Amino acid sequence: MTLRIYNTMTGGKEEFVPLEPGKVKMYVCGVTVYDYCHIGHARAYVAFDMIYRYLKYSGFDVTYVRNYTDIDDKIIKRANEQGIPWHEVAERFIVEFNKDMTALGIQIPTHEPKATGHIPEIIAIVQSLVEKGFAYEVNGDVYFRVAKFPAYLKLSKRNLDDMQAGARVDVDERKENPMDFALWKASKPGEPAWESPWGGGRPGWHIECSAMSMKYLGETFDIHGGGKDLVFPHHENEIAQSEAANGKQFVRYWMHNGFVNINAEKMSKSLGNFFTIKEVLSRYDAEVLRFFLLSAHYRSPIDFSDQNLSEAESGLERIYKALAGIDGAISANCVDEHSSIVEAETELTEKVSTFSGRFRDAMDDDFNTALAIGTVFELVRSVNRFLAEVRPVSASRQELLRMARKHISDVGNVLGIFSSAPEDYILRIKGRKVEGLAIAEEEIEKMIEERALARKSKDFARSDEIRDLLLGKGIELLDGPKGTTWRVK
RNA sequence: GGCGACGUGGCCAAGUGGUAAGGCAAAGCUCUGCAAAAGCUUCAUUCAUCGGUUCAAAUCCGAUCGUCGCCUCCA
């Protein structure tokens, strides 16, 4: 099967054929840097990071561009509120953005251009649009003339008349058409300004993406992505600017990720119901968040809740426990014996040999990570069954387990998960829970010792008393062959 | 008002014509002094409702109900 991608422009899945064989040029709209990122951003950038990784895994040479919009009304507003220069706001939140991306294990794109680093390119496009009659200047502002571009709204599949009928925008008398949008904005005194043929000013919101994508990827490129909410107006306006300026197709495949919901409602700044990435990471492991985000298809809405995150944590733990089981079995001395083949071995052999194909089929179908994770769980069950029935294992059986382990690691590399040492993951989760505990670790250890003595002398009443006491404080005791360990419930 | 998406077991979630993946939870078993943990096993004759097309539909068409999104900054 070849890779198929859902294209917002056509509304269906299409076989992916890059412009240049073997190469993919991909642009994803980055953030406007005026505030901390929320988990909606996390979802978008985790999704496109997964896509970037899978394209590379599939053998493509990928050029991935993700920009920073570092000049914008919101940045200026924030700077005025805080009484600091606008570029300090931008610089600060670029640093914060990068901290969040690093925590989420997101790979660094090929290029991370900034809007302010491309003012001449922006001015050149605006100028060309004015010359071609696609744009006009009014008092230092330059607007795009939507009536001149018949394909306008082809991505969001609307028409101008309906838009105007339902428009909630204040009509600006200076515009020829209420839907005309700003390519260039004249600066008021005290605002950041760059020299231009229309006087001092700054770029409008959408133009920077047209300029930067063209510079790094060319006039036509393969994939352009972003959140669903960017379809209109941002991407629609990018199409208008780019195609009007260049006279050729702008993007071949438009990809949009679904929203993160809170209680089935869109999470957004205007609703005020958002969580920042930092808040979420203070409560959940980054890998858990990433696993959760990838457990649904990237285009579906996903509901963020404590219950769903806890379930993701349990599921991820199941996978890590299986990995720990494999690691234990393959590092142990193998036995030189050939016991008869059992059913669990036949099953695992079959699962291992078909695994790569099933994983690729899932991912080739518009990056179906939910299905891909499902195949991992199936392999995990086979591994556990095998481990339960066949022990100790012979050299050839260790090899089978090694292959299973490699398959899970390979999937992990594409999804950006499963890369921790299993013990590290388990310790990390434990450590996180210990923080909120009302009892010191030493005290727990002391009580476990006392209980061990009681058990030795068959004083089970005392033993159970201690166990219940700790359980009341949220500590669960785990009696194993090597003694008693504990964990936070 | 215009446009669009979605509705799958207790919860989450794949599945777009060939007879319901997977996870969480639950129950049973193994293990255990008893438990817990872990592992294994079991768990949707049915896919919002009603019609239609088809040899065959969760999947296609129509209607109805419900939820959500875009049309304003937004990942």
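Fair warning: this is a prediction, and the values are worked out from it, not measured in the lab. Naming convention: chains lettered A, B, ... in sequence-line order (proteins, then strands); numbering from 1 in each chain.
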Check step by step if salt bridge (Lys or Arg N to Asp or Glu O under 4.0 Å) holds for A/D327 and A/R405. CA-CA 8 Å; A/D327 292 348; A/R405 165 90 225 206; 2.7 Å; yes
Taking the six-membered ring of A/Y45, is NZ or CZ of A/R66 closer than 6.0 Å to its centre and within 45° of its axis? yes
Please confirm whether the shortest side-chain N or O distance from A/S300 to OP1 or OP2 of B/A14 is below 4.0 Å. yes
Look at all strands and tell whether A/G11 reaches a base, only sugar-phosphate, or nothing, counting heavy atoms closer than 4.0 Å. nothing
What integer number of Å spans the P atoms of B/U45 and B/U64? 30 Å
Looking for any heavy atom pair under 4.0 Å, which part of the strands does A/H297 touch: base, sugar-phosphate only, or nothing? sugar-phosphate
Under 4.0 Å between any heavy atoms, over every strand shown, what does A/M267 touch: base, sugar-phosphate, or nothing? Just pick one. base
Mind calculating the distance between CG (A/N273) and P (B/C73) to the nearest angstrom? 19 Å
With heavy atoms under 4.0 Å as the rule, sort A/A370 into base, sugar-phosphate or nothing. base
Could one point to a donor on the side chain of A/D479 or the base of B/A37 with an acceptor on the other under 3.5 Å away? no
Distance check, C1' atoms only: B/U41 and B/G4, in whole angstrom units. 45 Å
Consider the side chain of A/V31, meaning its heavy atoms from C-beta on, and name the nucleotide among B/A75, B/A14, B/A36 that approaches it most closely. B/A75
Take A/S463 and A/R487, find for each the nucleotide of RNA chain B with the closest heavy atom, and name the residue whose nucleotide sits nearer the 5' end. A/S463
Measuring only the C1' atom in each nucleotide, how far is B/G15 from B/A20? A whole number of Å is fine. 8 Å
Under 3.5 Å, is there a donor-acceptor pair linking the side chains of A/N67 and A/Y216? no
Identify which nucleotide among B/G33, B/G22, B/A75 has an atom closest to any side-chain atom of A/R381, counting heavy atoms from C-beta outward. B/G22
Interatomic spacing from CG in A/D49 to CG in A/L104 - rounded to 0.5 Å: 9.0 Å
Protein N or O to nucleotides 3-9 of chain B N or O, pairs below 3.5 Å:
unit_1, atom_1, unit_2, atom_2, d
B/C3, O2', A/K157, O, 3.4

So which nucleotide from B/C70, B/A14, B/C11 ends up closest to the side chain of A/K266? B/C70
Considering only side-chain heavy atoms of A/E311, which listed nucleotide, B/A37, B/G23, B/G15, is closest? B/G23
Taking only side-chain nitrogens and oxygens of A/N368, does any of them come within less than 4.0 Å of OP1 or OP2 of B/G15? yes
What distance, rounded to whole Å, do you find between the two P atoms, one in B/G52 and one in B/A44? 29 Å
If I pick the P atom on B/C6 and the same atom on B/G10, what distance separates them, to the nearest angstrom? 23 Å
Against the side chain of A/P233, the closest entry in B/A36, B/C34, B/C73 is B/C73
Which value, rounded to the nearest 0.5 Å, describes the distance between A/E14 atom CD and A/D366 atom CG? 10.5 Å
In whole angstroms, the gap separating C1' of B/C31 from CG of A/N384 amounts to 15 Å
Separation of A/F418 CZ from A/D410 CG (nearest 0.5 Å): 11.5 Å
Surrounding CG of A/D468 (heavy atoms of other residues, nucleotides or ligands, distance under 6.0 Å), is the total greater than 12? yes
Test: A/D35 and A/K74 ion pair at under 4.0 Å: no
With a 4.0 Å cutoff (strictly under), does any side-chain N or O of A/R318 reach OP1 or OP2 of B/G23? yes
When all nucleic acid strands are considered with a 4.0 Å heavy-atom cut-off, which category describes A/V260: base, sugar-phosphate, or nothing? base
So, is the end of the A/K77 side chain (NZ or CZ) under 6.0 Å from the ring centre of A/W86 and within 45° of the ring's axis? no
Using the six-membered ring of A/F232, assess whether NZ or CZ of A/R158 lies under 6.0 Å from its centre and within 45 degrees of the ring axis. yes
Does A/K13 count as lying over the ring of A/Y6, i.e. NZ or CZ under 6.0 Å from the six-ring centre, within 45 degrees of the axis? no
May I ask you to say what A/K458 touches in the nucleic acid, namely base, sugar-phosphate or nothing, with a heavy-atom cut-off under 4.0 Å? nothing
A/I326 CD1 to B/G39 P, straight-line distance once rounded to whole Å: 13 Å
Please measure how far the C1' atom in B/U42 lies from the corresponding atom in B/U54, and state the result in whole Å. 36 Å
Taking 5.5 Å and 30° as the limits, would you call A/F377 and the base of B/G23 a stacked pair? no
Length of the NZ-P vector between A/K456 and B/C34, whole Å: 19 Å
Check every atom of B/C24, B/A13, B/A75 against the side chain of A/S314 and return the nucleotide holding the closest atom. B/C24
Gap between atoms CG and C1', on A/N261 and B/G69 respectively (whole Å): 9 Å
Tell me whether A/R174 is salt-bridged to A/D141, with the criterion being a basic N under 4.0 Å from an acidic carboxylate O. yes
Residue whose closest nucleotide on RNA chain B lies nearer the 5' end, A/F460 versus A/G315: A/G315
Of the nucleotides B/A37, B/U16, B/G69, which has the atom closest to the A/E476 side chain? B/A37
B/A14 to B/C40 separation - C1' atoms, rounded to the nearest Å: 24 Å
For A/R462, report the nucleic acid contact type (base, sugar-phosphate, nothing); a contact means any heavy atom under 4.0 Å. nothing
Between B/A48 and B/G9, how far is it from one C1' atom to the other, in whole Å? 14 Å
Which string of ( ) [ ] | and . matches RNA chain B, if you list each base 5' to 3' and count Watson-Crick or G-U pairs only when both distances are under 3.5 Å? ((((((((.[[[..)..(...]]].(((((.......))))).....[[[[[..)....]]]]])))))))....
Rounded to whole angstroms, how far apart are CG on A/L371 and P on B/A21? 12 Å
If you look at every strand shown and take non-hydrogen atoms under 4.0 Å, does A/L477 touch a base, only sugar-phosphate, or nothing? base
To the nearest angstrom, how far is A/N67 atom CG from B/A75 atom P? 11 Å
Give the rounded distance in Å between these two atoms: CZ of A/F386 and P of B/A38. 22 Å
Name the nucleic acid region contacted by A/N308, choosing base, sugar-phosphate or nothing; use a 4.0 angstrom heavy-atom cut-off, strictly under. sugar-phosphate
The nucleotide from B/A36, B/A13, B/G69 with an atom nearest the side chain of A/F259 is B/G69
Rounded to the nearest 0.5 Å, what's the gap from CD1 on A/I466 to CZ on A/R451? Could you check? 7.5 Å
Ignoring backbone atoms, establish whether A/R467 has a side-chain N or O less than 4.0 Å from OP1 or OP2 of B/A37. no
What is the distance from atom CG of A/L415 to atom CZ of A/F367, rounded to the nearest 0.5 Å? 12.0 Å
